[in-house]
Protein chains: 2
Amino acid sequence: MSVSVREVAARAGVSVGTVSNVLNRRDAVRPATVERVERAIDELGYVPNDAARQLRAGQSTTIALVVLDIGNPFFTDVARGAEERAVESGYTLLLANSDDSVERESAHLDQFERQRVAGVLVVPTSSAQPRVSQLRAHGVPVVLVDRGTADATLASVAVDDVEGGRLAAEHLLSQGRRQLVFVGGPEDLPQVQDRSAGAHSAVGAVEGAGILHVPTAALTLDDGMSAGAEVRALVRAGRCDAVLAANDLLAIGVQQALLSGPDPVGIPREVALVGYDDISFAAAAVVPITSVRQPRRVMGATAVDLLLREAGLAPAAAREHVVFQPELVVRASSTVPAPPDAPA
Amino acid sequence: MSVSVREVAARAGVSVGTVSNVLNRRDAVRPATVERVERAIDELGYVPNDAARQLRAGQSTTIALVVLDIGNPFFTDVARGAEERAVESGYTLLLANSDDSVERESAHLDQFERQRVAGVLVVPTSSAQPRVSQLRAHGVPVVLVDRGTADATLASVAVDDVEGGRLAAEHLLSQGRRQLVFVGGPEDLPQVQDRSAGAHSAVGAVEGAGILHVPTAALTLDDGMSAGAEVRALVRAGRCDAVLAANDLLAIGVQQALLSGPDPVGIPREVALVGYDDISFAAAAVVPITSVRQPRRVMGATAVDLLLREAGLAPAAAREHVVFQPELVVRASSTVPAPPDAPA
DNA sequence: CTGAAAGCGCTAACAG
DNA sequence: CTGTTAGCGCTTTCAG
């Protein structure tokens with residue numbers, strides 16, 4: 001089918017070893033020979049076969065990233081950061097989507113292990129732990145992304161979500177809000193648990209403040225719109241004056257549900273709204289949404305760094321756990337009466 | 001390093017050929033033997049090496065998809081459709097992002113060719129034609145996505161964007177609008193050209209109607225917000241009563257720019273707004289955006305189908321060119337005085 | 001500096 | 001049914 005080193009060698013009148021040298025160590029070959037070989041390569045349209053190279057090398061030059069939701073801009077930004085750093089380091093990044101399904105995640109991890117990728121970055125589903133630890137045990141470098149872990153032998157890059165939840169709640173409380181509602185789910189997702197826990201701790205510290213939960217099936221825009229209907233009812237019942245959404249997709253959906261229809265709920269007048277992730281759609285919402293920013297691209301890049309450092313480590317050695325601090329970005333959705341950058 | 005068939009064979013007390021048979025044609029092996037081999041595989045934690053298998057097979061079981069902007073939900077939806085179909089057919093989908101850069105696109109295509117992927121789906125940058133044709137000439141099955149082509153030897157899946165542009169413009173005209181503005185760019189992107197051309201033809205057919213252009217650097221939310229400022233000026237100058245955006249990201253940005261600030265421009269009262277792609281954010285915008293729907297997932301799935309059919313074709317044979325018809329989804333952003341589903 | 005030859009792990013004949 | 005063996009295309013000693 002396709003042309004191989006042998007044919008290139010024949011055409012250039014050299015041996016296959018020399019062709020290989022031209023490809024991988026051109027400085028060890030006489031210039032005239034290099035040129036002859038390169039002409040042959042061009043004329044024949046030769047393209048090296050990575051499978052063969054990899055078989056020889058024992059390992060590929062590819063890093064895989066498995067995310068929970070390819071449609072969430074948060075993850076695509078993490079992917080961008082990771083890809084950038086991977087390419088800088090001479091690797092290629094493969095992107096895969098688990099859609100929060102353990103089966104799909106598992107299928108992808110199997111595939112990557114068969115491919116002998118250089119390593120795997122994974123934003124794990126809530127029940128991925130065993131499979132991921134197994135991967136690690138098989139000698140595949142792994143870094144958990146957007147998720148801390150109890151397993152010290154797994155490296156991880158995460159944001160302190162408890163702190164993020166606290167920041168968001170404290171901000172709402174400082175604005176005089178006392179009846180918070182946390183919107184998010186599924187409940188077994190650690191990110192959701194942590195953000196909720198942080199919010200609870202902040203609320204617990206303030207006399208007269210309370211927090212309710214409106215669970216959702218997932219962290220999507222549609223789920224946010226459904227939750228918004230419930231929030232509306234709570235607001236109108238006088239039981240909610242602030243919403244803390246587990247991510248921005250949800251927050252955008254909630255905003256949409258609150259503002260639409262014949263009887264819009266005022267944001268922030270009647271209810272303040274805070275999201276999480278600070279994706280660009282949050283700032284671009286009609287009432288710009290206050291959000292907890294995570295350093296998405298940096299997280300991706302850092303994950304790649306940790307992964308490449310894994311190479312030399314013994315499987316049982318303790319790993320690095322990088323935890324970033326979140327940052328609150330205040331916008332109009334949560335400030336009363338006017339946003340800080342537009343004093344009346 | 002990792003365990004191979006040979007060790008599995010030794011452990012199970014059989015030959016490597018038998019192990020291979022168990023893996024690939026278990027019905028040709030005695031059940032008792034199968035069981036013994038499988039136990040050995042489990043005990044040893046054996047994972048087949050794809051590189052070796054692929055080297056032998058001459059081709060991989062992977063399909064690659066290169067998109068222009070991984071942050072655009074339109075493309076991630078196409079990817080979902082493609083992945084679904086790929087998996088059904090026993091393939092794996094690799095996702096790569098060119099970010100509209102010819103260099104990055106080219107690097108990805110090189111990489112995929114070296115990997116001997118089963119085929120490549122590509123949403124090409126405007127100047128990708130030569131590289132893509134070369135890929136094809138090297139015998140790699142290729143399908144152009146979201147883009148028709150003059151080259152009959154390249155298969156393609158696209159939507160009739162001229163028709164889509166026309167539909168959008170005709171709708172605006174039917175609502176009594178006469179001063180249209182087309183927002184979009186870069187100008188060399190065929191999708192943008194076609195949509196614009198369709199709009200022009202519709203406008204040309206109506207006495208007293210006109211259309212202006214507000215160019216953008218790319219098709220992102222941020223570009224839309226910048227363009228929105230210009231649109232606002234045109235509206236206030238009495239030179240614009242309708243906007244047709246080249247995609248929804250742009251439309252959302254325009255809406256945001258028009259609605260925000262101390263002096264919001266009424267949508268649809270003062271200016272009607274139509275987007276393109278019908279991504280979920282369009283329907284969820286505060287003024288739900290009328291949009292031209294493309295069958296995103298079906299496009300992805302169809303692209304995979306065409307690709308798999310490529311296998312048997314001679315390089316020079318004519319290819320299939322699937323063209324889908326777009327569909328206008330009318331929402332509140334373009335209908336006056338009230339949306340059709342909410343009669344006063 | 002260049003050539004010859006050994007294998008990386010696997011599958012697919014072909015014998016037994 | 002199972003064992004043996006020849007490569008797939010490439011890199012890498014090791015001699016020349």
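In what follows, every chain begins at residue 1, and chains take the letters A, B, ... in the order their sequences are listed.
Within the 4.5 Å cutoff, side-chain heavy atoms of A/I41 are placed close to those of A/V37.
Heavy-atom distances to DNA chain D give each of B/P31 and B/A57 a nearest nucleotide, and the one nearer the 5′ end belongs to B/P31. A residue-by-residue look at B/D27 and A/V16 shows that B/D27 has its nearest nucleotide of DNA chain D further toward the 5' end.
Side chains of B/D146 and B/Q191: a donor on one and an acceptor on the other come within 3.5 Å. Side-chain N/O atoms of A/Q294 and A/D277 include a donor and acceptor closer than 3.5 Å. Side chains of B/T153 and B/D151: a donor-acceptor N/O pair is present below 3.5 angstrom, by distance only. Side chains of A/Q54 and A/S60: no donor on one and acceptor on the other come within 3.5 Å.
Phosphate proximity of D/dG9 to B/R56: absent, as no side-chain N or O sits under 4.0 Å from OP1 or OP2. Within the 4.0 Å cut-off from OP1 or OP2 of C/dG9, not a single side-chain nitrogen or oxygen of B/R53 is found. OP1 and OP2 of C/dC10 both lie 4.0 Å or more from every side-chain N or O belonging to B/S20. Considering only side-chain N and O atoms, B/N49 lies nowhere under 4.0 angstrom from the phosphate OP1 or OP2 of C/dC10. Close to D/dC8, at under 4.0 Å from its OP1 or OP2, lies no side-chain N or O of A/S4. Between B/S15 and D/dG3 there is a side-chain N or O to OP1 or OP2 distance below 4.0 Å.
Distance B/Q59 CD to C/dT11 P: 16 Å, rounded to the nearest Å. The CZ-P distance, from B/R36 to D/dC1, rounds to 14 Å in whole Å. When rounded to the nearest whole Å, the span between CG of B/N24 and C1' of C/dG9 equals 13 Å. Atom CG of B/L23 is separated from atom C1' of C/dG9 by 12 Å (rounded to the nearest Å). Atom pair B/R6:CZ and D/dT5:P shows a separation of 13 Å (rounding to whole Å applied). One atom, CD of A/Q54, and another, P of C/dC10, lie 12 Å apart when rounded to the nearest Å. Taking atom CG of residue B/D50 and atom C1' of nucleotide C/dG9, one finds them 11 Å apart after rounding to whole Å. In this entry the distance linking CD of B/Q115 with P of D/dG9 reads 17 Å, nearest Å.
Atom CD of B/E35 has 12 or fewer heavy atoms from other residues, nucleotides or ligands within 6.0 Å.
Comparing D/dC1, C/dT11, C/dC10 by their nearest atom to the side chain of B/Y46 picks out C/dC10. Listed nucleotides: C/dT2, D/dT2, D/dC10. Nearest to the side chain of B/T33: D/dT2. Listed nucleotides D/dT2, C/dC10, C/dT2 differ in distance to B/V29; the shortest reach to its side chain belongs to D/dT2. Taking only side-chain atoms of A/T18, from C-beta outward, the nucleotide of D/dT2, C/dT2, C/dC10 with the closest atom is C/dT2. Residue B/R30 has its side chain nearest to D/dC1 when only D/dT5, D/dC1, C/dC8 are considered.
Listed here is the closest heavy atom pair of A/S126 and A/R147: O-NH2, 3.6 Å. Shown here for A/R36 and A/G13, the closest heavy-atom pair between the two residues is NH1-O, 4.1 Å. Considering all non-hydrogen atoms of both residues, B/R114 and A/V47 come closest at CG-CG1, 3.6 Å. Minimum heavy-atom separation, A/P141 to A/G139: CD-O, 3.3 Å. Scanning both residues, B/H321 and B/S156, for their nearest heavy atoms gives ND1-OG, 3.0 Å.
Where the helix from C/dC1-D/dG16 to C/dG16-D/dC1 starts and where it ends, the local axes point in directions that differ by 40°; five pairs per end, rounded to 10°.
At the heavy-atom level, A/V14 lies under 4.0 Å from the strands shown only through sugar-phosphate atoms.
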Please tabulate the protein-to-nucleotide N/O contacts below 3.5 Å involving nucleotides 13-16 of chain C, giving atom names and distances.
none

